[in-house]
Amino acid sequence: MLQIYNTLTKRKEEFIPKNPPNVTIYVCGPTVYDYFHIGNARSFIMGDIVRRYLEYKGFNVKYVMNITDVDDKIIRKSIEQEVPSGKVAEEFANAFLEDALKLKMKPADVFPRATEHIEDIVELISKIEEKGSAYNVDGNVFYDVSKFNGYGKLSGKKIEDLESGSRVEINVEKKNPLDFSLWKKAKEGEPFWESPWGKGRPGWHIECSAMSTKHLGETIDIHAGGNDLIFPHHENEIAQSEAATGHQFVKYWIHFGFLNIQNEKMSKSLGNFFTAREILKKYSAQTIRLLFSQTHYGGPLNFSEELIQSAQKGLEKINNLAERIEREMNSNSNDDAEIDFDYKKYYSEFESAMDDNFNSPQAAAAIFDFVRDFNRFIADNENLPLNNFKSAKEYLQKTAQDVLGILDFSELTISSNSFDEGLIDLLIELRNNSKEKKDYSTADNIRNELANLNIVLEDGKAGTTYKLPSSHIDDIEESVLKLIGSIRMEAKSKKDFTSADLIRDKLSELGYIIQDSKDGFLIKRN
RNA sequence: GGCGGCGUGGCCAAGCGGUCUAAGGCGAAGGUCUGCAAAACCUUUAUUCAUCGGUUCGAAUCCGAUCGCCGCCUCCA
C-alpha cells in the first residue's frame, strides 16, 4: 500500500487515485529566463522518481510539467539583452528540455507553455470573475482572497496573520494586500495578448490552474513542486481553481525540500548556485540522481563537492556489478537450472521503502544490500547458471534503472562503442606474456599506462577484465596505439623479436599496419 | 511578529513508541584473494540518537523547556 505525505492534510495518507489505474500528476516546471540550477534539478528529478515509481506499481500515469515562458524575469532579461521575450523563453526552454534529458528525466507527456494557453487562461479568469471572486481595476484583474474561505488551508496560514506581518507590496489597486494578479495590464514595450480586460498577460499563478485543468481535468491526483511554492503559488492555485470549478483541485500535494549550499537555500537571488549544466560536465546524471535518492525528498540536502563524490563512489559499486553481469551474459553458457537466490526479498525491501512516502534512501539501501549479497553469491558459487545473471539484471533494471534512474545498462562502458577493443585485448595478451616471464616491470608498466588513460585492468580468476572510460573514446585510440608501438620498440631493442612480430601480426589482424622507420614507427589504419 | 522544518557515528543519511546494543553510502583500520594491484567479499568503526525534564512497563521516536541551524510570509524548485 502506497502512502504519501500530503502537505494539505499534513499526514501520510494511503494513495487512492481518482480513476485508477490512471494517475494524473502535475509538477511545476521552470520559468525559462536562464539555465536552471541543481536545486531546481532536485525537484524535477524527485518528481520524475515519483512518476517512475507509480509506473512501476502499474499505474497509467499522465505526467504534465509546465514551462512558464512569460513573466517579469523573462521580460527583464529581454530588455537587458534587447531581444524579444519570446526569444529568451525559447532559448532557455530548449536548454531546459536538453538538460532534463541529460538528467535522465522521462519526458513529460505534455510540457504546456503559458503563451500557448492564453485562451484557456482567459476563459478561466472569466469564469472566476463570473463567480464573483475576481475584480477588474482598469485592466488589472485581481483575485479576491476574501471570497474564498479555504484560503490558507495548504500553507497553514491565516489571512489575518498574513496581513499583519506582511511584507506584501502595497498596491493601491488591490482591495486586500493578499489579493493577487490574474491578469496584468500590459506596460509599454511588454508582450501582450488581447483579452476582455484589454491588452495584457497572465499572472503567475493562473497558468498552472488553467493548464492543469486543461490537460488533466478539474481534480488531479498529485501536484508537486518545491517547498517555496506552497505559499503563495500553490495556495493561490487552489483558490483560483476551486473558486472556478467548485471541486477539489488536487488530492495529494507533494513538496520537495531545498537543496542548500553551506546550509543556505540555493537560489538565483543569493547567487550561490551551480547550474545543472555545469554539474553535468563533471558528474554523470546517475551520480546526481543517486545523491538525490540518498536523501528523503522532503528534507533539506546540503550540497557539496565532497557529497557528490561520495555518491560517485557508491555508484561505482552498482556499476561494477552491472558490468560483471553484462560480461557474464555475453560469455556464460551455463544453462543449468537457476540456483536459489532470494530475489524476492530485495524487491519487497525496495517496494516497502518506496511505498512509505517514496523513501528513496531506504530503497537505495535495498539496492546496495542486493549488490553486496549478489556479489557474495557469485563468489560462493562458481560458474553460476546464466539464468541467475538474468534475474539479477532484471532486478537492477526494474529498481535502479527504471525507478531511480541511477543505472543504465545500455551505457555501461563494456558495451558497444566505436573503439576497437581488440587493441586492449592485445595489450592484455602482451601483459600476460610478461607476467609469465615474471617480467613484472613490463606488466605493471602496461597496466599503469592504461590507467593513465582511465582504462582499468583487473585480474580475475577467469582472466583479465577491463573497464573503459565513459567518454573521449576517440582520443584514446591514438594513445593506445602509441603505447603498443612503444612496447614493440622496446621488445625490438631487447632483441625480443618474437614479441615484436606478435604485435605486428596482431595489429594487422585488427586492421592496423605498423611501419618501422629510422626514428620510430608509424601505425596506420588499413 | 506569524507559520513551518531540522539537530542520529569522522562525513552523508534512514529509522518516528518495543524486533534499535540504530539500515544504507562515503571514509578509516585489519583480513581473504593477487606476483603486486584493482575489483569483490569478511571483520572492526554510535549501549547511543543536541541538552534538560516529563509521559509510558518501554522513547532516537510522544509532551514541555532550553540551546543551535534553516526556510516560508516578496520572485524563487
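Chain letters run A, B, ... following the sequence lines, proteins first, then strands; residues in each count from 1.
Aromatic rings from A/F350 and A/Y56 are positioned such that their centres are separated by under 6.0 Å.
Atom name P, nucleotides B/A40 and B/C26: the rounded distance is 9 Å, in whole Å. Spacing between B/A22 and B/C49 at atom C1', rounded to whole Å, works out to 8 Å. Distance check on atom C1': B/A46 versus B/C11 gives 14 Å, rounded to whole Å.
Atom NZ of A/K344 has 12 or fewer heavy atoms from other residues, nucleotides or ligands within 6.0 Å. The local environment of CG in A/N149 is sparse, with at most 12 non-hydrogen atoms from other residues, nucleotides or ligands closer than 6.0 Å. Remark: A/Q81 CD is packed, more than 12 non-hydrogen atoms of other residues, nucleotides or ligands lying under 6.0 Å away.
Searching all strands for a Watson-Crick or G-U wobble partner of B/U32 with both distances below 3.5 Å returns B/A40.
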Atom pairs under 3.5 Å: protein N/O with N/O of nucleotides 13-15 of chain B:
{"unit_1": "B/A14", "atom_1": "OP1", "unit_2": "A/H296", "atom_2": "N", "d": "2.9"}
{"unit_1": "B/A14", "atom_1": "O3'", "unit_2": "A/N359", "atom_2": "ND2", "d": "3.0"}
{"unit_1": "B/A14", "atom_1": "O2'", "unit_2": "A/Q362", "atom_2": "NE2", "d": "2.8"}
{"unit_1": "B/G15", "atom_1": "OP1", "unit_2": "A/N359", "atom_2": "ND2", "d": "2.9"}

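With centres under 5.5 Å and a plane angle under 30°, the ring of A/Y440 is stacked against the base of B/G35.
Using a 4.0 Å heavy-atom cutoff across all strands shown, A/R447 reaches at least one base atom of the nucleic acid. A/M266 comes within contact range of at least one nucleobase, with a heavy-atom separation under 4.0 Å.
For A/K393 and A/E328, the salt-bridge test fails: no basic side-chain N is under 4.0 Å from an acidic carboxylate O.
Applying the side chain to side chain donor-acceptor pair (under 3.5 Å) criterion to A/N383, with sequence neighbours excluded, gives A/N334.
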